[in-house]
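When reading the values below, keep in mind they use all heavy atoms of this one structure, side chains included, and skip hydrogens, waters and symmetry mates. Letters go in sequence order (proteins before strands), and every chain restarts at 1. Please read these numbers as outputs of a predicted model, since none were measured by experiment.
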Protein chains: 4
Amino acid sequence: MSAKPPSTRSDAVRNRKLLLDVAARTFAERGVEVSIGEIAQRAGVGKGTVFRHFPTKEDLLAAIMLDLLDELIGAATGLLADDDPVRALRAFMTAGVEAFVRDRAFCDVIGRPSLQSQEVRDAIHRLCEVAEGLTARAREQGAVRPDVTGTDVALMLSGIQHTAAPLLDADPQAWRRYLELTFDGMTAVTGRPLPHPPGRLTLEENPS
Amino acid sequence: MSAKPPSTRSDAVRNRKLLLDVAARTFAERGVEVSIGEIAQRAGVGKGTVFRHFPTKEDLLAAIMLDLLDELIGAATGLLADDDPVRALRAFMTAGVEAFVRDRAFCDVIGRPSLQSQEVRDAIHRLCEVAEGLTARAREQGAVRPDVTGTDVALMLSGIQHTAAPLLDADPQAWRRYLELTFDGMTAVTGRPLPHPPGRLTLEENPS
Amino acid sequence: MSAKPPSTRSDAVRNRKLLLDVAARTFAERGVEVSIGEIAQRAGVGKGTVFRHFPTKEDLLAAIMLDLLDELIGAATGLLADDDPVRALRAFMTAGVEAFVRDRAFCDVIGRPSLQSQEVRDAIHRLCEVAEGLTARAREQGAVRPDVTGTDVALMLSGIQHTAAPLLDADPQAWRRYLELTFDGMTAVTGRPLPHPPGRLTLEENPS
Amino acid sequence: MSAKPPSTRSDAVRNRKLLLDVAARTFAERGVEVSIGEIAQRAGVGKGTVFRHFPTKEDLLAAIMLDLLDELIGAATGLLADDDPVRALRAFMTAGVEAFVRDRAFCDVIGRPSLQSQEVRDAIHRLCEVAEGLTARAREQGAVRPDVTGTDVALMLSGIQHTAAPLLDADPQAWRRYLELTFDGMTAVTGRPLPHPPGRLTLEENPS
DNA sequence: AATGAATGAGGATTCATTCAT
DNA sequence: GATGAATGAATCCTCATTCAT
């Protein structure tokens, strides 16, 4: 009852698609702060249309984030078929960091649980699971330390982006340096286990 | 001459201190978005009082950020005297990540150049320099890879915080895991240099 | 492209008109200092509505001043067709002084260049030009002294209002006395030229 | 009981004088809008000191306006002794217009009755009386038209300033042109009386 | 008396959201 | 369904005035 199914009228479908595209691009460039007004303008539709398709700004944002997450999950799932686990894991992390680098809103949302709808939290959880699939294969083969989890890997994508963030204006590829460094940390053979148990993301609304 | 020095009157000094404390705490908890009105309310003073001490919100934020940065720089400088370079570097990074973990506004400011005053940029630059001092000693002794710079280290502090961010509500120490992983990446002996040249932070205003 | 054209939707048109009316009346009565909030209240709309129609207070003021100036320019242009140049000039000055007398904001704007947008400056310039047209005809026929310009005439409209200002509450027609006196000064045959060259209004923003 | 006599303590006397000077200069340059804070700063005293000497901003303004008016009244009174009535009248008007040209706040106050205290209104009344003295002498000698009054003359001072106002930045002497024109209007022999009875300034508070 | 710290009402402006057309 | 007009809460900031030091 809360999630009214998207209309199937052809113009509405088209508009919904258009809005998602434009909003995605706009949020990506400028973060979650962009106003609905600007998105509507860029899309060439009225603000009312945005709100018809997405009852609140949060809903619109969530839809876009879900798309992004699904894409990433899809890519990761595909990589499970790669017969070189390390290459697959690296490809996944590369794609993941790139997604963050490209999208300021994605960074905002992942970094601020208060911006996450239940659906987004669920998708993040699924992402962690595929990541775990990829990680497990590399782990089993001894290519990454035994105590690195899929959640670790997923979380580090955002961390790598943020490490590089202050450099990205001047050098859009700066993240590659930190991805490599992180990768080396994951694969390092230290003999010492990581000093803190791995995390699990909270699936429920945080009542803070 | 344009920036009048803080008053030395005892009541004003007390209030200024109170304001900095309350504002620092508030910014730390909720990020740069908190309104001056709320800070005033929490401090039990009128809005006008905040503006008397800090002519703009930006000034207040900058003062707090400078304090934080100076503290960190001071700690790092002290660690230069430690005779174990690796221990010193690790201690510095620990302190740095803790600073980010404790303070959402610090994360906001470091991650968004548009929020940085020239003074803040300068302080960040100084921080990178001390970080380089600490890193160089560890590097010279072969404890960290030869191509890791102080700026790398400083940048990674923020990255580590962001990696752990989604876990911190449930587990405030989660960052320790990622600090260790990062540290291992820095110290890993791979034989391969990092794939992208190290960055330099821009010192001037970015005219974007 | 930056200044979106006023909406043509009937309710918006009505509201825009209402807003202009109310704002014009309010500005007229109380000068440029009235707050947007008060105008909105008097118009029975929300503050946001005012800002939707006029993005800044300055824009609203400019729109009203332009209307006023255009009206005056239109009247003056019409008077160019009058076959009695002196009667026409007097009619123009009468209309002009009346415009000032009726409108405190008009006085404020004309008297304070910092309140003038480029469009307003341009309109004032056009007003001076029509005034010159009217003046020239009277001058040619020897009815006004040879060295009185259209700009002189336009400027004196405001002067006459200010002369009478302190009397207007008690006697709303008091300006007629000073208009006559000024007119007599303009038409006086003294044989002596005016002691200072005529002025030209600056068309560009004053960088003071 | 409402007008506490100025203190006679030497430092207080000195401060009062200093404040009047600085405030007069500041008001003159920038009009009645200047903040008390700026005046205090320019005078090198605390805001509290300003309010000790002048309980409200209005009081300070009134004191300055009174000084200005008294000076003008004094000069006019002196000119009553000049044996050339026309020269004297012209000298008075010159001094008067200059006073307005020099002082934006004077213009503001004269033009806006709501800014006038009872004392200021009284002084304006006295000014009109001396002006009448000067005018009468010129009138008797047939040098100005028979129906021009001292109040007319006094009022026109402000009008002349406002006529020239838009030119004054570019040409600080522009008012001379309009003073002459006005003077010629006053002295014109037209045979026609002015079309509206002379005004009298209201002495009481206007309950608008 | 002098100071300048504190106050809070008031002002312009933005923006998510609702609703009449 | 689409539109964009209306709304009003929220934000930063200014300034006359009061009052503790």
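Residue D:Ile39 contributes atom CD1, which lies 12 Å from atom C1' of F:dA16 at whole-angstrom precision. Between the CD1 atom of C:Ile36 and the P atom of E:dT14 there is a distance of 12 Å, given to the nearest Å. One can place CZ of C:Phe51 at 17 Å from C1' of E:dA16, the figure rounded to the nearest angstrom. Between D:Phe54 atom CZ and E:dA1 atom C1' there is a gap of 15 Å when expressed in whole angstrom units. In this entry the distance linking CG of A:Leu19 with P of F:dT3 reads 9 Å, nearest Å.
Within 6.0 Å of the CD atom in B:Gln41, the count of heavy atoms belonging to other residues, nucleotides or ligands does not exceed 12.
The phosphate of E:dA2 has OP1 or OP2 within less than 4.0 Å of a side-chain N or O from D:His53. Between A:Asn15 and F:dA2 there is a side-chain polar atom (N or O) within less than 4.0 angstrom of OP1 or OP2. Between D:Thr49 and E:dT3 there is a side-chain polar atom (N or O) within less than 4.0 angstrom of OP1 or OP2.
In summary, A:Arg25 and A:Asp21 do not engage in a salt bridge, as defined by a charged side-chain N under 4.0 Å from a carboxylate O.
At the heavy-atom level, D:Lys47 lies under 4.0 Å from base atoms of the strands shown. Residue B:Val13 is classed as having no contact, given no heavy-atom separation below 4.0 Å to the nucleic acid.
Base pairing in DNA chain F gives the following stems of 3 or more Watson-Crick or G-U pairs, range against range and under 3.5 Å: E:2-21 with F:2-21.
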